[in-house]
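To start, the structure itself, in structure tokens.
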Amino acid sequence: MDFPVSIKGVLIIDGKALLLKNERNEWDLPGGRIELGETPENCLVREFQEETSVNVKIKEIIDSYLFEVIPGKHVFIVTYGCELRCNFSPKISYEHQEIGLHAIDDLQNIHIPVGYARSISNWTKIRTI
């Protein structure tokens with residue numbers, strides 16, 4: 001079975017996770033498919049820039065897992081913790097419907113894949129150690 005690899009990033013701003021609403025009306029982490037010859041870190045820096053106009057520094061890997069996006073369609077997800085490199089003034093791209101900052105404690109109240117919520121929670125714990 002073949003499936004694409006998607007590199008996603010967790011960025012926390014003032015205790016809130018940066019999320020993007022996709023065409024399935026789910027809140028999504030910034031990121032996307034890795035290109036041939038690209039490192040996961042370079043992929044994520046590029047994707048953050050394309051999707052949010054935010055410049056990030058990639059810190060460390062948080063998680064990896066196989067995700068069933070829709071029935072029968074799987075994507076291998078790798079999540080990384082990120083830090084802001086400059087001022088935070090995000091701009092949404094054509095790829096998403098909405099951009100938002102969501103409190104960690106409120107993630108159970110929004111439509112977000114469980115793996116993304118787990119990565120956000122894990123990154124929050126790692127950052128406080």
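Note that these values count all heavy atoms, side chains included, but never hydrogens, waters or copies made by symmetry. It should be emphasised that the depicted structure is a prediction, and the values quoted were computed from it without experimental measurement.
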Output side-chain donor-acceptor pairs under 3.5 Å for residues 80-92, partner residues at least two apart or in another chain, one line each.
| unit_1 | atom_1 | unit_2 | atom_2 | d |
| --- | --- | --- | --- | --- |
| R85 | NE | V56 | O | 3.1 |

Report yes if the side chains of L107 and I120 come closer than 4.5 Å at any heavy-atom pair, otherwise no. yes

In sequence, state the C-alpha distance, the side-chain angles, and the governing distance for I70 and R24, and then conclude on side-chain contact (heavy atoms from CB on, under 4.5 Å). CA-CA 10 Å; I70 58 174; R24 293 181 307 281; 3.9 Å; yes

For S93, enumerate each residue passing the side chain to side chain contact (heavy atoms under 4.5 Å, CB included) test, keeping only those at least two apart in sequence or located in another chain. E51, E95, H96

Rounded to the nearest 0.5 Å, how far does CD1 of I58 lie from OG1 of T39? 9.0 Å

Mind checking whether I61 and V45 sit in one hydrophobic cluster, side chains of I, L, V, M, F, W, Y counted as touching below 4.5 Å? yes

Without placing hydrogens or testing angles, list every side-chain donor-acceptor pair under 3.5 Å for residues 7-21, not counting sequence neighbours.
| unit_1 | atom_1 | unit_2 | atom_2 | d |
| --- | --- | --- | --- | --- |
| K8 | NZ | D28 | OD1 | 3.0 |
| K8 | NZ | D28 | OD2 | 3.3 |
| K8 | NZ | L29 | O | 3.2 |

When you measure from the side chain of T79 to the backbone of S119, do you find a donor-acceptor pair of N or O atoms at a distance under 3.5 Å? no

Stepwise side-chain contact (heavy atoms from CB on, under 4.5 Å) check, F76 with S6: CA-CA 6 Å; F76 187 73; S6 186; over 6 Å; no

Nearest-0.5 Å distance that lies between atom CZ in F3 and atom CD in E68: 12.5 Å

Please check if the side chain of N22 supplies one atom and the backbone of N25 the other of a donor-acceptor pair under 3.5 Å. yes

Check for me, please, whether I104 and I126 land in the same ILVMFWY cluster - side-chain distances under 4.5 Å, paths through other members count. yes

With sequence neighbours excluded, give me every salt bridge (Lys or Arg N to Asp or Glu O under 4.0 Å) pair touching residues 39-50. E35-R46, E38-R46, R46-E50

Residue pairs meeting ring-ring contact (aromatic ring centres under 6.0 Å, His included), one or both in residues 32-61, sequence neighbours left out, come to none

Is there any ring-ring contact (aromatic ring centres under 6.0 Å, His included) pair reaching into residues 20-46, and which pairs are they, with sequence neighbours excluded? W27-H102

Correct closest heavy-atom pair for E60 and W123 would be CG-CZ3, 3.5 Å

Do Y65 and R118 have side chains that approach each other closer than 4.5 Å (heavy atoms only, starting at C-beta)? yes

